[in-house]
Structure formats: structure tokens, C-alpha cells
Amino acid sequence: MKKSRFTEAQIMGVLRQAEGGMPVPELCREHGISSATFYKWRAKYGGMDASMMSQMKALEDENRRLKRMFADLSMQADLLREALGKK
């Protein structure tokens with residue numbers, strides 16, 4: 001997965017500037033992001049504070065780990081089913 005070049009604190013700073021009344025095109029130009037990126041951030045992180053963002057990241061990481069574990073166990077179960085079915 002591609003790593004963002006912006007930290008959670010920087011994203012929150014950009015969103016706070018927009019809430020403060022700075023025009024979005026000027027804000028995007030200043031930070032070197034596209035307007036689509038800004039609106040995606042606003043949809044994902046709007047209304048959150050820093051602790052909520054870090055908690056969401058931790059939950060996403062755990063969800064990713066659990067999905068990987070499930071895929072591995074499913075693959076093992078399928079292999080065992082095939083091996084026992086051939087006998």
C-alpha cells in the first residue's frame with residue numbers, strides 16, 4: 001500500500017485551515033495537493049480530532065491483519081479438504 005506523504009497532523013492542519021475560511025483552491029496550491037485529495041480527506045477525516053484519527057488507523061491496521069489471517073486459514077482449510085477428498 002502506498003504511504004501518504006502527509007502525516008495525520010498535517011492533514012488535520014489542512015482541514016482546520018479550510019474550516020477557518022481559506023479558499024480550497026488556494027489551500028490546495030499551497031500544500032501541493034489536488035482538490036480531489038482535499039475533498040477525500042474532508043470526507044474521511046472531517047469532524048475528527050487527532051486521537052480519533054490515530055484510533056481509526058489502528059482499527060484499519062487490525063482489520064487488515066485479521067483479513068490476512070482469515071485468508072490464510074481459509075486457504076489451509078481448502079487444502080486440507082482437497083487432500084482428504086482425494087483419499
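Note that the structure is a prediction, hence the values are computed from the model and not measured.
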Asks: What pairs with F6 under ring-ring contact (aromatic ring centres under 6.0 Å, His included), at least two apart in sequence or on another chain?
Replies: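 ring-ring contact (aromatic ring centres under 6.0 Å, His included) list for F6, sorted by chain: W41.
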
Asks: Quick one: pull up CG in D78 and CD in E82 and give me the separation to the nearest 0.5 Å.
Replies: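 That separation rounds to 6.5 Å.
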
Asks: Under the side-chain contact (heavy atoms from CB on, under 4.5 Å) test, which residues partner R5, sequence neighbours left out?
Replies: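 With sequence neighbours excluded, R5 shows a side-chain contact (heavy atoms from CB on, under 4.5 Å) to no residue whatsoever.
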
Asks: Assess whether salt bridge (charged side-chain N to carboxylate O under 4.0 Å, His left out) is satisfied between R68 and E62, documenting all intermediate values.
Replies: CA-CA 10 Å; R68 191 175 304 124; E62 184 174 357; over 6 Å; no

Asks: Taking E60 first and then K44, would you say they form a salt bridge - that is, a charged N and a carboxylate O separated by under 4.0 Å?
Replies: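 Salt bridge: yes.
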
Asks: List the atom pairs, donor and acceptor, that lie under 3.5 Å between side-chain atoms in residues 7-30 and the rest of the protein, sequence neighbours left out.
Replies:
unit_1	atom_1	unit_2	atom_2	d
T7	OG1	Q10	N	3.2
Q10	OE1	T7	N	2.8
Q17	OE1	H31	NE2	2.8

Asks: Less than 4.5 Å apart, side chain to side chain, heavy atoms only: is that true for D61 and R64?
Replies: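 A side-chain contact under 4.5 Å exists here.
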
Asks: Of all residues at least two apart in sequence or in a different chain, which pass the side-chain contact (heavy atoms from CB on, under 4.5 Å) check with Q76?
Replies: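 side-chain contact (heavy atoms from CB on, under 4.5 Å) check on Q76 returns L73.
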
Asks: Applying side chain to side chain donor-acceptor pair (under 3.5 Å) as the test, list every pair that has at least one member in residues 45-55; sequence neighbours left out.
Replies: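 The answer is Y45-K57, D49-S51.
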
Asks: With sequence neighbours left out, write down each residue that passes side chain to side chain donor-acceptor pair (under 3.5 Å) with S74, or none if nothing qualifies.
Replies: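 With neighbours one apart ignored, the set is empty.
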
